[in-house]
Amino acid sequence: MITDNVHEFARGASFEAVMSLPVNVPDSYFADWQALSQIRREGNLTKEGLIGDLTFKWLGPREFVLSSNDTDNWPLGMAELDVLFTSRQGRRIRTKSLRLKIKAGPTRD
């Protein structure tokens, strides 16, 4: 669902990642499923590796956005995120991970 490319993000800005389901997934397939997303230091699944929870919102039958307005304290370096969809029956499907390089932005307020 998500590409393996590394994306850059400047810490301190609002984070938004708009994503689409693959073409082989029917429209609204996950509409009744719970969706959770977290951003973590790459390869660190411990409590200390958690950077934050991301807000998930459907934009349409195939598109969704992951977001966070408060990124001031996100650590610099490599991070990763994904989405875990869980059905009412307990079935779980996870997206591919999105790799993110968190950098310092040059503009200061």
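Nothing fancy with the numbering, it's 1 onward along the sequence.
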* Is a side-chain N or O of R41 found less than 3.5 angstrom from the main chain of G77, in a donor-acceptor match? -> no
* To do: For atom CG of N69, decide whether the heavy atoms of other residues, nucleotides or ligands shown that lie under 6.0 angstrom number more than 12.
  => no
* **Any side-chain heavy-atom pair of L36 and V83 under 4.5 Å** => no
Going by atom type alone, with no hydrogens or angles, which donor-acceptor pairs under 3.5 Å involve a side-chain atom of residues 43-50 and a protein atom two or more places apart or on another chain?
unit_1: N44; atom_1: OD1; unit_2: T46; atom_2: N; d: 3.0
unit_1: N44; atom_1: OD1; unit_2: T46; atom_2: OG1; d: 2.5
unit_1: T46; atom_1: OG1; unit_2: E48; atom_2: N; d: 3.4
unit_1: T46; atom_1: OG1; unit_2: E48; atom_2: OE1; d: 3.3
unit_1: T46; atom_1: OG1; unit_2: G49; atom_2: N; d: 3.4

* Atom pair CD/OG of E16 and S67 - distance to nearest 0.5 Å -> 5.5 Å
* **Short N-O contact, E42 and R99, less than 4.0 angstrom** => yes
* Asked: Quick one: do L66 and V25 end up in the same hydrophobic cluster if we chain Ile, Leu, Val, Met, Phe, Trp and Tyr together by side-chain heavy atoms under 4.5 Å apart?
  -> yes
* To do: Over all heavy atoms of both residues, which pair between G105 and A10 is shortest? Give the atoms and the distance, please.
  => CA-CB, 4.0 Å
* Do side-chain atoms of S68 reach the backbone of L54 as a donor and acceptor pair under 3.5 angstrom? -> no
* Atom CZ of R94 and atom OG of S37: how far apart are they, to the nearest 0.5 Å? -> 10.0 Å
* Between F85 and F56, is a ring-ring contact (aromatic ring centres under 6.0 Å, His included) present by the stated rule, with each step listed? -> CA-CA 11 Å; F85 291 102; F56 177 97; 5.8 Å; yes
* Over all atoms of both residues, closest heavy-atom pair of D72 and G12 -> OD1-CA, 3.3 Å
If you look only at distance, which donor and acceptor atoms sit under 3.5 Å apart when one is on a side chain in residues 86-93 and the other is two or more places apart or in another chain?
unit_1: S87; atom_1: OG; unit_2: Q89; atom_2: N; d: 3.3
unit_1: S87; atom_1: OG; unit_2: Q89; atom_2: OE1; d: 3.4
unit_1: S87; atom_1: OG; unit_2: G90; atom_2: N; d: 3.3
unit_1: S87; atom_1: OG; unit_2: R91; atom_2: N; d: 3.0
unit_1: R91; atom_1: NH1; unit_2: Y29; atom_2: OH; d: 2.9

* Are more than 12 heavy atoms from other residues, nucleotides or ligands located less than 6.0 Å from atom CG of N73? -> no
* Structure fact -> Sorted by chain and residue number, the salt bridge (charged side-chain N to carboxylate O under 4.0 Å, His left out) partners of E8 (sequence neighbours excluded) come out as K103
* If you look at every heavy atom in A13 and F9, which pair is closest and at what distance? -> O-CZ, 3.2 Å
* Structure fact -> Distance col, row I102:CD1 vs H7:NE2, nearest 0.5 angstrom, shows 13.0 Å
* Compute the ring centroids of F30 and W58, then answer whether they are less than 6.0 Å apart. => no
* **Close side-chain approach of F64 and L59, heavy atoms under 4.5 Å** => no
* Asked: Ignoring hydrogens and geometry, is there a side-chain-to-backbone donor-acceptor pair from R62 to M19 under 3.5 Å?
  -> no
* The single option from L81, D82, L98 passing side chain to side chain contact (heavy atoms under 4.5 Å, CB included) against I39 -> L81
* Asked: So which heavy atom on P75 is nearest to which on R11, and how close?
  -> CA-NH1, 4.3 Å
